[in-house]
Amino acid sequence: MEPRSCDTFVALPPATVKNRIIFGKNSDRLCDEVQEVVYFPAAVHDNLRGHLKCTYIEIDQVRETYAVVLSRPAWLWGAEMGANEHGVCIGNEAVWGREEVCDKEALLGMDLVRLGLERADTAEKALDVIVDLLEKYGQGGNCSEGGMAFSYHNSFLIADRNEAWILETAGKYWAAEKVHEGVRNISNQLSITTKIDREHPDMRNYAKQKGWWDGKKEFDFAATYSYIDTTKMTVSPGRYCEGYKLLNKHKGNITFETMMEILRDKPSGINMEGEFLTTASMVSILPQDSNLPCIHFFTGTPDPERSVFKPFIFVPNISQLLDTSSPTFELEDPVKKKPHFKIKPDRRHPLYQEHQQALEIIDNKEERAKTMLDNMKKLEKELFKEMESILQNKHLDVDKIVNLFPQCAKNEIRIYKSNNSS
């Protein structure tokens with residue numbers, strides 16, 4: 001299952017500089033899938049007898065939901081990764097193991113990402129939200145828009161300004177590991193071994209019943225619920241090991257730019273190419289000083305090496321992110337019709353369309369490609385400088401911030417258009 005993949009990272013002090021937690025994720029999906037960056041404001045829901053329609057099933061709504069910014073495959077309700085107004089970030093991964101994957105439509109792992117962000121103001125509360133929903137509704141359903149059956153269990157990396165949690169699941173069973181400091185990554189394998197800080201109450205007993213654990217030796221979640229030799233996880237070939245090595249290479253000096261370099265790394269396989277490729281990327285800065293804003297960078301386009309990381313900061317009255325929002329099809333959307341996926345509509349948003357044309361130039365016209373890439377790097381460098389100034393000077397120009405991400409997307413599109421038309 002290695003090709004069907006993602007990689008999620010977190011670095012905490014003292015592995016980082018300036019007392020910040022740095023979160024990062026590459027979303028690796030089918031190469032023709034469009035990923036959008038969308039914002040949903042906080043809301044109060046008065047009609048609690050009404051139900052919330054997720055990708056496939058309806059669940060109970062809660063009274064209050066928090067503002068969220070999401071990077072998501074444009075066809076579904078949930079998200080691959082995102083953040084909320086309280087500085088909680090979540091990314092999920094596909095994982096497989098001994099427990100059989102259920103094809104029955106339930107909550108997708110991506111639905112659980114969004115639900116955790118909408119309903120929790122700390123990382124551990126988000127963990128609570130996810131495991132409670134997992135117990136009540138289960139996980140399952142096709143995670144691909146198209147003819148290919150693609151179902152999996154999920155692992156999650158959840159971070160806030162103070163700590164991070166790894167949550168890994170096998171059906172309804174789960175284990176969680178708290179991360180206080182240093183670095184941690186997840187990929188497409190169970191990675192929690194003997195350090196288990198929270199767990200499903202029947203997880204060990206179920207493993208005994210299945211004959212996966214004898215009840216005597218020390219309980220190792222990954223070894224028990226999958227086929228991994230956990231003593232070799234950090235030295236065996238594969239993206240989990242490569243991500244582990246890249247994080248540790250920079251340990252003590254990790255910045256948000258370091259995290260972006262890791263996400264852009266192609267030799268390691270972290271920046272994936274081929275049938276499954278890196279369709280979108282996210283990096284977040286979570287200062288432990290609550291007086292400073294959290295800053296969330298999204299690409300909204302494939303291949304982070306040839307994309308611009310654009311910043312988003314939560315403030316009131318944020319402008320809608322129109323250039324990274326895909327077309328909507330209301331009741332005509334094939335995901336809402338059964339049988340699903342009989343047709344596949346064009347979900348390309350404006351930024352994606354211009355970016356795809358630009359990639360053709362990068363691949364085929366060397367001189368124009370250099371000019372365009374230089375302009376992209378220049379734009380990104382200016383944005384980084386501006387964001388660092390906000391974090392250093394503790395000053396937010398709110399009138400400017402409401403349009404920050406949309407303006408960055410427009411500037412990026414302008415670069416592509418000038419090269420696409422020349």
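Count residues from 1 along the sequence. As the structure is a computational prediction, the values presented were derived from the model and not from experiment.
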Flag if over 12 foreign heavy atoms under 6.0 Å of CG, Asn317: no

Ile21 side chain near Thr16 side chain, heavy-atom distance below 4.5 Å: no

Separation of Tyr416 OH from Ile361 CD1 (nearest 0.5 Å): 11.0 Å

Heavy-atom pair with the smallest gap, counting every atom of Asp160 and Ala123: OD2-N, 2.9 Å

Pairing of Glu273 and Arg306 as salt bridge, 4.0 angstrom limit: no

Ile390 versus Pro293, closest heavy-atom pair with distance: CG2-CG, 3.8 Å

Qualifying residue for salt bridge (charged side-chain N to carboxylate O under 4.0 Å, His left out) with Asp289, from Arg161, Lys394, Lys18: Lys394

Exam field: side chain Gln139 to backbone Gly171, donor-acceptor pair closer than 3.5 Å: yes

Point-to-point distance, once rounded to the nearest 0.5 Å, from OG1 of Thr55 to CG of Leu108: 4.5 Å

Exercise: do Arg29 and Thr279 side chains pair donor with acceptor under 3.5 Å: no

Where Met272 and Thr278 come nearest, the two heavy atoms and their spacing: N-OG1, 2.9 Å

Derivation and outcome, side chain to side chain contact (heavy atoms under 4.5 Å, CB included), residues Val179 and Trp165: CA-CA 6 Å; Val179 184; Trp165 284 85; over 6 Å; no

Gap between atom CG of Leu351 and atom CD of Glu412 - 0.5 Å precision: 4.5 Å

Glu168 side-chain N/O to Ile192 backbone N/O, donor-acceptor pair under 3.5 Å: yes

Polar side-chain atom of Asp265 near backbone of Asn271 as donor-acceptor pair, under 3.5 Å: no

Matching residue for Arg264 among Glu305, Glu257, Glu380 - test: salt bridge (charged side-chain N to carboxylate O under 4.0 Å, His left out): Glu380

Residue pair Val95 / Ser155: nearest heavy atoms and the distance that separates them: CG1-OG, 3.8 Å

NZ-CG distance between Lys344 and Asp32, expressed to the nearest 0.5 angstrom: 3.5 Å

Residue Tyr244 excluded, over 12 heavy atoms near OH under 6.0 Å: no

Heavy-atom side-chain contact between Asp111 and Leu133 under 4.5 Å: no

Mutual orientation of the aromatic rings belonging to Phe297 and Phe256 [parallel < 30°, tilted 30-60°, perpendicular > 60°]: parallel

Aromatic ring proximity Tyr66/Phe314, centre distance under 6.0 Å: no

Sub-4.5 Å side-chain heavy-atom contact between Lys400 and Gln407: no

Residues Gln189 and Ser226: side-chain donor-acceptor under 3.5 angstrom: no

SG-CG distance between Cys143 and Asn154, expressed to the nearest 0.5 angstrom: 6.5 Å

Neighbour count above 12 (heavy atom, 6.0 Å) for Lys266 NZ: yes

pair Val68-Tyr39: side-chain heavy atoms closer than 4.5 Å: no

Chi angles and distances behind the side chain to side chain contact (heavy atoms under 4.5 Å, CB included) call for Lys251, Asn248: CA-CA 5 Å; Lys251 203 170 178 179; Asn248 280 277; 3.6 Å; yes

Ser151 side, atom OG; Lys104 side, atom NZ - distance, nearest 0.5 Å: 13.5 Å

Presence of salt bridge, Asp374 and Lys378, under 4.0 angstrom: no

Parallel, tilted or perpendicular: rings of Tyr225 and Tyr173 (30°, 60°): tilted

Backbone N/O of Leu263 and side chain of Asn26: donor-acceptor pair under 3.5 Å: yes

Considering all heavy atoms, the nearest Val17-Asn253 contact: CG1-CA, 3.8 Å

Within 6.0 Å of CD in Glu100, more than 12 heavy atoms from elsewhere: no

Heavy-atom side-chain contact between Arg347 and Glu36 under 4.5 Å: no

Backbone of Pro350 reached by a side-chain donor or acceptor of Asp323 within 3.5 Å: no

Thr194 side chain to Asp220 side chain, donor-acceptor N/O pair below 3.5 angstrom: no

Donor-acceptor under 3.5 Å (Ser389 side chain, Lys385 main chain): no

Intermediate values then yes/no, side chain to side chain donor-acceptor pair (under 3.5 Å), Arg184 and Ser191: CA-CA 10 Å; Arg184 188 68 161 82; Ser191 64; 3.1 Å; yes

Evaluation steps, side chain to side chain contact (heavy atoms under 4.5 Å, CB included), between Ile196 and Glu177: CA-CA 5 Å; Ile196 300 172; Glu177 174 189 340; over 6 Å; no

Among Leu167, Ile158, Leu70, Leu157, the one residue meeting side-chain contact (heavy atoms from CB on, under 4.5 Å) with Ile90: Ile158

Nearest heavy-atom neighbours spanning Cys6 and Ser27: SG-CA, 3.9 Å

Student check: side-chain heavy atoms of Phe23 and Val283 closer than 4.5 Å: no

Sidechain-backbone polar pair: Lys195 side chain, Lys178 backbone, donor-acceptor under 3.5 Å: yes

Salt bridge Asp132-Lys136, side-chain N to carboxylate O under 4.0 Å: no

Candidates Lys25, Arg72, Gln35 - the one meeting side chain to side chain donor-acceptor pair (under 3.5 Å) with Glu80: Lys25

Under 3.5 Å: donor-acceptor pair, side chain of Asn185, backbone of Thr8: no

Step-by-step side chain to side chain contact (heavy atoms under 4.5 Å, CB included) determination, Leu117 to Val113: CA-CA 6 Å; Leu117 291 170; Val113 168; 4.2 Å; yes

Parallel, tilted or perpendicular: ring planes of Phe298 versus His296, cut at 30 and 60 degrees: tilted

Residues, nucleotides or ligands: over 12 heavy atoms within 6.0 Å of Lys53 NZ: yes

Heavy-atom side-chain contact between Cys89 and Met81 under 4.5 Å: no

Side chain proximity check, Tyr206 to Glu99, heavy atoms < 4.5 angstrom: yes

